[in-house]
Amino acid sequence: MKLKIETFMQEVRARNSHEPEFLQAVQEVAETVIPYIASKEIYNGKNILLRMVEPERAISFRVPWINDSGEICVNRGYRIQMNSAIGPYKGGLRFHPSVNMSILKFLAFEQVFKNSLTTLPMGGGKGGADFDPKGKSDGEIMRFCHSFMGELCRHIGPNTDVPAGDIGVGSREIGFLFGMYRKIRNEFTGVLTGKGLSWGGSVIRPEATGYGTVYFASNMLATKKDTIKGKIISISGSGNVAQYAAEKANQLGAKVVTLSDSSGFIYDSDGIDSDKLAFVMKLKNEERGRIDAYIKAYPNATFHANETPWNIPCDIALPCATQNELDDVAAENLLKNGCICVCEGANMPTTPKAIALFHKAEILFAPGKASNAGGVATSGLEMTQNSLRYHWSRKEVDEKLQEIMENIHSACITYGTNENGYVDYVKGANIAGFVKVADAMIAQGVV
Ligand code: GLU
């Protein structure tokens, strides 16, 4: 089996040799899915995984825009349309200086499995630009978004490809993007999700990724007859996912002690309660400030520059910042301090070595493609509401979100339970996500 996986990876490496993040995401899937394919006659000999790692389409384009000083700037925009076998391409847009083909292909590849897990009819895609929103004025953000959509609008549509937000793309950016799409196409449609409530958005969409991650952690703990209540939780990040993961954790009676951004992390042993969280939300969403402002407002807390929060003792760790933010050293610290559950709110925040350590210690570990799927699942619910030209209540959407997270959890148990009873959620998510897409691809022939 090792040889089969290695032969496959050699072929993928040869074709994508300069894309380390993409190769990392593919390797993780190959290790769990290739043995499964070998055990199932219907998937054998069809090169399905080889077809899945090749994007159906990868678009790269120039994004020229004018800054506040009147200078002409140029960024590179992308949209990776990975797989549309089970529905229109669906996935976020990331604006961050680190964005390149490798990062977007890894995200688009993960999105295919994640979207399949939600049970909703969505294919997988991802896009963005190497644009740094940090320090930019609202006017600059608007001009950039308009220029970006000037090209992207040719490639997307409510039945073709439906982007949403990701790092650096929130409701402000979705607004500017939607405005330009509507103007150019002269069409008011559900072409983007994460829209404002008065123009086609869904309630709970902003909260959904963070809430869903905590719902998933609750489902995992329930398998050990345990709950979130009273647990000490360490969260990284302070953006959309981290904020609402903290909110839901607080609502369920846990104590959140850390948050972070690219400058470092804050530790508040008293807990980041709802008032303190409101401060962080204002700081990050309106003032667009740095996380160290927290210790000026709450002097009992400490700020740790250029560090991640994984050396702080906690029961549950929710990495909600970015890819590869939790490495093997961090994993050893978490295990040493008695952490029992790691549930990813970000995409691929845990390195392969760190995952191996969690599996070896047999603690609860959930990969983002399962545990953070609540965001895109609620995007799927936004698409449904747009098609119906209707909107559901908070209660209705939240119930559907909880049900979807429960179903994803059950699918992981079905496909991921090892002989000794330990649930390998990575294996479970990869195989469950694979099956639906693979079946659709087989049914549709070699296209
Ligand atoms: N960017 C989010 C994710 O990683 C959401 C994508 C969407 O809603 O389309 O799943």
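Residue numbers count from 1 along this sequence. Basis for what follows: all heavy atoms, side chains included, without hydrogens, waters or symmetry-related copies. Since we're looking at a predicted model, the values are computed, not measured. Each ligand, and each atom within it, is numbered from 1 in the order the structure gives.
By the side-chain hydrogen bond (donor to acceptor under 3.5 Å, both in side chains) test, K224 pairs with no residue at all, sequence neighbours left out.
A donor and an acceptor atom, one from each side chain of S260 and S236, are nowhere located under 3.5 Å apart.
Closer than 4.0 angstrom to ligand 1 lie heavy atoms from K90, G91, G92, Q111, K114, K126, A164, G165, D166, R205, N347, V376, S379.
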Original post:
Can Y294 and D268 be said to form a side chain to side chain donor-acceptor pair (under 3.5 Å), step by step?
Top reply: CA-CA 10 Å; Y294 186 94; D268 187 341; 2.6 Å; yes
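F144 and V63 get closest at one heavy-atom pair: CE1-CG1, 3.4 Å.
You'll find the side chain of M142 stays beyond 4.5 Å of the side chain of S137, heavy atoms only.
Remark: aromatic rings of F188 and F178 are close, center separation under 6.0 Å.
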